[in-house]
J.: 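I'd like to ask some things about the structure below.
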Amino acid sequence: MSLFEEIGGMPPIEVFELNKLYADDPSPLKVSLGVGAYRTDEGKPWVLPVVKQAERQIVEDPSMNFEYLPVLGLEAFTNAAASMLLGGDSPAIKEKRFLAVQAISGTGALRIAADFLAQVVPNITRIAYISSPTWENHRLLCLKAGFNEVREYRYWDAQKRGLDLNGMLEDLRAAPERAVVIFHACAHNPTGVDPTQEQWRKIVEVVKERRLFPILDSAYQGFASGDLDADAWAVRYFAEQGMEFVCAQSFAKNFGIYNQRAGNLTLVANTANNLANLKSQLTILVRGNYSNPPAHGARIVSTVLNNPQLDAQWREHIKTMSGRLKAMRALLREKVEGLKTPGSWKHITEQIGMFCYTGLTPKQCQFLMEQHHIYLLKSGRINICGITTKNVDHVANAIHQAVTTIQDDDVDKKA
Ligand SMILES: Cc1ncc(COP(=O)(O)O)c(C=O)c1O
């Protein structure tokens, strides 16, 4: 008998499953609104011109080789990443009260953070709080890191299709001291709804009051407003308030280098005293995990961020991407409203970033997939980049049909 025979299976990962269904669908009408990746108006991935230019520079650099990077990564990259996040004039940077660790994209940075908090930092309550809803990997990675429990704090108010601030504050107030809380730094996935600055102030008050430990997840800097500094406001506010925190950065989306797995974890402490020990702990964590990170993606980001001309070009690319998102939101809303689809659709343009939490029910989503070849998550989250000037009518008509024909749970009879 095999040792492996009795192992049960695990459920598929919805977003990857959806991708496969889309790829296998022969229909010319098919639309992918699932995976969170940027698409052009032709529905194609976009390799940013500045990334191509940086790659050429890297390849042609005679000093380039494939030696191992240090365990904590390429310093030119991690320093530039921390500065892009905290701001060039950040007191934490000037006073050297921070550590930056290269990571396997945003997910890897979150995982280092969760491992570090669950396994190394004393006096942390091994209960992690995640928003309801959130990017589904938050729960999994906290559990894998060794948190005993993952709890949800209220975030989304389905009635008003906006932030449930009171519910959120109430849940955070009820959290045990030194529990860990994951916050999305901007462009919340999946709802596209961020707290306002005033609301962030209230949230930070409660975090302080309850002595909670924040993990900030910054996967979309630049995608919310098109402006890197504006999108880092919440992170910088935590720093300004003297909070200790960690922040996971992904460069997958804002550089369009998804499979290069370029990420960074920044730790901000309120003293520089013990950073050498923390650094050695993080080094051992990474060493026992994957030893040292891959270089290419980090080299691309570092080449761009450390060159003012390339950096300026990149900031323009970010405006192009976020601008297209805004334009597609406006167009989709106009089309759905033009069809007099029942309900309010202003949330399509009120939400920001890559995603729109449409409010469509799981049955309506199923109907869109089965009847109209439009692939989206069961939660009703759509990736706005999947909308183009060519497919928007098809998508709007399908949404109209779904909303007008599929009420509650009667999809099985209609579809
Ligand atoms: C909220 C959030 N955090 C983190 C990530 C991590 O992305 P990656 O590991 O590709 O950088 C994502 C990606 O979809 C995300 O949406």
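Just follow the structure's listing: the first ligand is 1, and inside any ligand the first atom is 1. If you read the sequence from its start, that first residue is 1, and numbering goes on from there.
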J.: Taking the six-membered ring of Phe147, is the NZ or CZ of Arg126 close enough (under 6.0 Å from the centre) and on axis enough (within 45°)?
T.: no

J.: Do ligand 1 and Ser250 have nitrogen or oxygen atoms that lie under 3.5 Å from each other?
T.: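 Among all N and O atoms of Ser250, at least one is under 3.5 Å from an N or O of ligand 1.
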
J.: When you measure from atom 10 (O) of ligand 1 to every protein heavy atom, which one gives the shortest distance, and what is it?
T.: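 Of the protein heavy atoms, Arg261 NH1, 2.9 Å lies nearest.
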
J.: Within 45° of the axis and under 6.0 Å from the centre of the six-membered ring of Tyr357, does NZ or CZ of Arg161 qualify?
T.: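 No; the conditions do not both hold, so Arg161 does not lie above the ring face of Tyr357.
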
J.: How far is atom 9 (O) of ligand 1 from its nearest protein heavy atom, and which residue and atom name does that atom have?
T.: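 For atom 9 (O) of ligand 1, the nearest protein heavy atom is Thr107 OG1, 2.5 Å.
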
J.: Atom 8 (P) of ligand 1: which protein heavy atom is closest, and how many Å away?
T.: Ser105 OG, 3.4 Å

J.: Counting both backbone and side chain atoms, is some N or O of Asp217 under 3.5 Å from an N or O of ligand 1?
T.: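 Such a contact does occur with ligand 1.
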
J.: Any nitrogen or oxygen of Gly106, side chain or backbone, less than 3.5 Å from one on ligand 1?
T.: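 Yes, Gly106 has an N/O under 3.5 Å of an N/O on ligand 1.
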
J.: Which atoms of ligand 1 sit under 4.0 Å from any heavy atom of Asn189?
T.: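 Result: 1 (C), 15 (C), 16 (O).
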
J.: For ligand 1, which atoms sit closer than 4.0 Å to a heavy atom of Tyr220?
T.: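 Per the distance check, 13 (C), 14 (O), 15 (C), 16 (O).
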
J.: For the pair Ser322 (side chain) and Ile318 (backbone), establish whether a donor and an acceptor sit closer than 3.5 Å, ignoring hydrogens and angles.
T.: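 Yes, because the side chain of Ser322 sits within donor-acceptor range (under 3.5 Å) of the backbone of Ile318.
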
J.: On the 0 to 90° scale, with breaks at 30° and 60°, tag the His317-Trp46 ring pair as parallel, tilted or perpendicular.
T.: perpendicular

J.: Which of the numbered atoms in ligand 1 are below 4.0 angstrom from a heavy atom of His184?
T.: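 Listed by number with element: 1 (C).
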
J.: Contact between ligand 1 and Phe251 is defined here as a heavy atom of the residue under 4.0 Å from a ligand atom; is it met?
T.: no

J.: Going by the side chain to side chain donor-acceptor pair (under 3.5 Å) test, name the single residue among Asp171, Asn166, Asp164 that passes it with Arg154.
T.: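 Only match with Arg154 under side chain to side chain donor-acceptor pair (under 3.5 Å): Asp171.
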
J.: Step by step, would you call Arg381 with Asn189 a side chain to side chain donor-acceptor pair (under 3.5 Å)?
T.: CA-CA 9 Å; Arg381 185 196 86 169; Asn189 175 8; 2.8 Å; yes

J.: Looking at Tyr22, is Lys30 sitting on its ring face, NZ or CZ under 6.0 Å from the six-membered ring centre and within 45 degrees of the normal?
T.: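 Yes, Lys30 lies over the aromatic ring of Tyr22.
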
J.: Does ligand 1 have any atom sitting under 4.0 Å from a heavy atom of Lys253?
T.: yes

J.: Take Asn264 and Thr266 through the side chain to side chain donor-acceptor pair (under 3.5 Å) test and state the conclusion after the steps.
T.: CA-CA 6 Å; Asn264 179 62; Thr266 298; 3.0 Å; yes

